[in-house]
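FYI, side chains are in, hydrogens and waters are out, and symmetry mates aren't considered; it's all heavy atoms of this structure.
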Amino acid sequence: MIGFIRKATKRQKLIFGGIAGLILIIGILALSKGNGVSGEIFVVKKGTLTQVVSVTGKTQAVSNVELSFEKAGRVASIPVKVGDRVRAGQVLASLESGELRASLADALANVDVQKAKLDELLIGSRPEDISIKESELAKDKQDLVNYYGSVLNVSNDAFNKADDALRQQLDALFTNDENLNPSLSFEISSSQFKTNIESRRLGLGIELNEWSKKIGRLGPISNETELDEILVFGNSYLSKLQSFLNDIFQGLNSSVALSASTLETYKGNVDTARANISTALSTLTGKIQNISAQKIVVQKAQYQLDLEKAGSTKEQIAAQSAQVKQAKAKTQVIQAQINQNIIFAPFAGLVAKQDLEIGEVAAANVTFISLISDDKLEVEANVPEVSIGKVAVGNLAKIKLDAFSDEIFEGRVGYVEPAETLVEGVVNYKIKVIFDKADKRIRTGLTADIDITTLTKENVLMIPSFAIQENEDGSFTVNQKEDREAVLVEIEVGVRGSDGSVEIISGLREDDEIVVDLE
């Protein structure tokens, strides 16, 4: 019998409990027979009266957030996958931000320049200091000229490596590669990926020809602007080509019907191309960084010389101080833009959704990562209209989960929705019950039976509801035993308990006897 009750549903257990309670009351009353009145005798006693509202709901995360980028861009990294637990502030995904980071480096350098100018204004100048600054400036300018002197050679070498990679190492991988309709010479599992590769091969060929023309226009008297442009163009092209080669290698891994020897040869060619492009890109990037850094050195030296010669006034110092603040503000703006390309975890939790791959273009404001808090759960349930008036935030609750039928979890009502929700045409109100203690065994989506204690009154007079008679005028009476007779007494009732007990406010006293006709 005990085993049967343990396996019973909540509704069945309530029915069993009610029957048992009724049998117990009838048994107690039966002991009072033979007192000269017709019916059973019940003694008025004090006790604790409790109201309980029972509902059913589902467990869910307290925190659940859908994440997206503020603007579109190509995905650079996704260091997490579905099911990973992450800490607050951890990077979940990022977009390519190379240009922004270069701008930030330039802005930070400008901050240094502006600070240097301010420092010089504050120090003042002497003739010997001016002479020193002039010498330093001349040397810095010559160093910059020397850096520019090798730009043509570096650009030619980078171009040759790019030409070899695209047109020699990848020649066997494409047909019509120098025409307007290049095509992969082998099949891969993704037709979309194949189309993308072929389109990029066409664009890279066109850009390579443009690069060749730009280099051809350079000469021994090329100005710094022309040299800067060729460096920037080459750096951008090599970055695109490097990404293209990486994707080609990925495509070979998903190739269809290629023999092992041919696949090995193709991969070897791509690896050679990638190594050469990596070297060229490193050299070109280094040259750009050296020139950029030297320009800042020259600019700083020029500013320092100008300051030495001009001296400074209070107005100049104030204006330069403002320039420093403005330069710092610009770095903050760029850093904010970079942060917009990064998705950080707003709280510690579990990655529930991740829909993008590295290299894909993420659309703006389209959710592709979801994060839920796996250590803080709640139960959402609907309370019928007739019971919602009893439920309030802070009410204690007993929670029983179908997944852990032998355990009772404790919680409290944390939220009561003010607006109604229609469930199959019936008015209900959503509530949320928060678990008192975190339990890693509990997952989202579990069915939960909740008993919410909405009211508890101690030391009150109580009698069972079946002992009370409700009259047509709305008054309530009971049959009170006086001597050996039953006298009709009007009473005032209060709160009704969930177990069928009713609070007596007036009309009866403790130990009074009432007559109950159970027939």
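Within 6.0 Å of CZ in Arg441 there are more than 12 heavy atoms belonging to other residues, nucleotides or ligands. The environment of Glu187 atom CD is sparse: at most 12 non-hydrogen atoms of other residues, nucleotides or ligands sit within 6.0 angstrom. Other residues, nucleotides and ligands place no more than 12 heavy atoms under 6.0 Å from the CG atom of Leu180.
In this structure, the separation between OG on Ser155 and CG on Leu218 is 7.0 Å, given to the nearest 0.5 Å. The structure places CG of Leu245 at 9.5 Å from CD of Gln169, a figure rounded to the nearest 0.5 Å. Ile130 contributes atom CD1, which lies 9.0 Å from atom CD of Glu128 (distance to the nearest 0.5 angstrom). Here the CD atom belonging to Glu96 is positioned 10.0 Å from the CD1 atom belonging to Ile358, to the nearest 0.5 angstrom. Between Ile248 atom CD1 and Ile197 atom CD1 the span is 4.5 Å, to the nearest 0.5 Å. Here the straight-line distance linking atom CD of Glu136 with atom CG of Leu305 works out to 9.5 Å at 0.5 Å rounding.
Nearest approach of Val80 to Gln354, heavy atoms of both residues: O-NE2, 4.0 Å. In this structure, Pro79 and Leu92 approach most closely via the heavy-atom pair CD-O, 3.3 Å. In terms of heavy atoms, Ala162 sits closest to Ile277 at CA-CD1, 3.6 Å. Among all heavy-atom pairs drawn from Val427 and Glu420, the shortest one is CG1-CB, 3.6 Å. Scanning all heavy atoms of the two residues, the minimum distance from Val379 to Ala448 falls at CG1-CB, 3.9 Å. Shortest non-hydrogen contact noted between Phe186 and Lys194 is O-CE, 4.0 Å.
Counting only heavy atoms from C-beta outward, the side chains of Tyr237 and Leu204 approach each other to under 4.5 Å. Within the 4.5 Å cutoff, side-chain heavy atoms of Leu118 are placed close to those of Ile317. Between Leu67 and Phe344 there is no side-chain heavy-atom pair separated by less than 4.5 Å. At least one side-chain heavy atom of Tyr148 sits under 4.5 Å from a side-chain heavy atom of Asp228. By the 4.5 Å heavy-atom criterion applied to side chains, Asp177 and Leu166 are not counted as neighbours. With contacts defined as side-chain heavy-atom distances shorter than 4.5 Å, the pair Glu134/Leu137 does not qualify. Side-chain contact between Lys330 and Ser103 is absent, with no heavy-atom pair separated by less than 4.5 Å. Residues Asp163 and Trp211 fail the side-chain proximity criterion, which asks for heavy atoms closer than 4.5 Å.
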Decide side-chain contact (heavy atoms from CB on, under 4.5 Å) for Gln294 and Asn290; before the verdict, give the C-alpha distance in whole Å, the side-chain angles of both, and the deciding distance to 0.1 Å.
CA-CA 6 Å; Gln294 191 60 31; Asn290 289 337; over 6 Å; no
Do Lys240 and Glu207 pass the salt bridge (charged side-chain N to carboxylate O under 4.0 Å, His left out) test, and can you show the C-alpha distance, the side-chain angles, and the key distance before you say yes or no?
CA-CA 10 Å; Lys240 294 177 183 177; Glu207 286 191 56; 3.4 Å; yes
Can Phe174 and Leu184 be said to form a side-chain contact (heavy atoms from CB on, under 4.5 Å), step by step?
CA-CA 4 Å; Phe174 288 89; Leu184 277 174; 3.7 Å; yes
Passes side-chain contact (heavy atoms from CB on, under 4.5 Å), Asp247 versus Arg200? Steps please.
CA-CA 10 Å; Asp247 288 347; Arg200 289 163 68 188; 2.5 Å; yes
side-chain contact (heavy atoms from CB on, under 4.5 Å) assessment of Leu252 paired with Gln250:
CA-CA 5 Å; Leu252 287 171; Gln250 180 182 346; over 6 Å; no
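Of the N and O atoms on the side chains of Gln142 and Asn146, at least one donor lies less than 3.5 Å from an acceptor on the other residue. Side-chain contact check for Gln192 and Asn196: no donor-acceptor pair (N or O, by modelled atom type) lies under 3.5 Å. A donor-acceptor contact closer than 3.5 angstrom is absent between the side chains of Gln337 and Asn341. A donor and an acceptor atom, one from each side chain of Ser54 and Asp451, are located under 3.5 Å apart. Between the side chains of Ser77 and Ser94, at least one donor N or O sits under 3.5 Å from an acceptor N or O. Using a 3.5 Å distance cut-off with no hydrogens or angles, the side chains of Asn246 and Gln242 do not pair a donor with an acceptor. A donor-acceptor contact closer than 3.5 angstrom links the side chains of Thr285 and Asn235.
Comment: Lys115 does not engage Asp112 in a salt bridge, judged by the lack of any side-chain N to carboxylate O separation of less than 4.0 angstrom. In summary, Glu229 and Lys214 do not engage in a salt bridge, as defined by a charged side-chain N under 4.0 Å from a carboxylate O. For Arg201 and Glu178, the salt-bridge test passes: some basic side-chain N is under 4.0 Å from an acidic carboxylate O. Taking 4.0 Å as the cut-off between side-chain N and carboxylate O, Asp143 and Lys139 count as a salt-bridged pair. Salt-bridge annotation for Lys161 and Asp164: absent, with no side-chain N of the basic residue lying under 4.0 Å from a carboxylate O of the acidic one.
Each of Asn153, Leu231, Leu227 was checked for a side chain to side chain contact (heavy atoms under 4.5 Å, CB included) with Lys287, and the lone residue meeting it is Leu231. The side chain to side chain contact (heavy atoms under 4.5 Å, CB included) with Leu95 is formed by just one residue from the set Val361, Val75, Ile342; it is Val75.
A distance-only check finds no donor-acceptor pair linking the side chain of Ser236 to the backbone of Phe233 [under 3.5 Å]. Judged by distance alone, with hydrogens and angles left aside, the side-chain atoms of Asn181 form no donor-acceptor pair with the main-chain N or O of Asn179 at under 3.5 Å. A donor-acceptor distance shorter than 3.5 angstrom exists from the side chain of Thr59 to the backbone of Gly445, with no hydrogens or angles considered. A donor-acceptor contact shorter than 3.5 Å links the side chain of Thr272 to the backbone of Gly268. Remark: the backbone N or O of Gly251 is not paired with any side-chain donor or acceptor of Ser255 at under 3.5 angstrom. Checking side-chain atoms of Asn156 against main-chain N and O of Leu152 turns up a donor-acceptor pair under 3.5 Å. Remark: the backbone N or O of Ser239 is not paired with any side-chain donor or acceptor of Ser243 at under 3.5 angstrom. Formation of a donor-acceptor pair under 3.5 Å by the Ser292 side chain with backbone atoms of Gln289 is not found in this model.
For Glu360, the salt bridge (charged side-chain N to carboxylate O under 4.0 Å, His left out) criterion is met by no residue, not counting sequence neighbours. Listed by chain and residue number, nothing satisfies the side-chain hydrogen bond (donor to acceptor under 3.5 Å, both in side chains) test with Lys300 (two or more places apart in sequence, or in another chain).
The side chain to side chain donor-acceptor pair (under 3.5 Å) pairs that include a residue from residues 259-270 are Asn253-Lys267, Ser259-Ser261, Ser259-Thr262, where partners are two or more places apart or lie in different chains.
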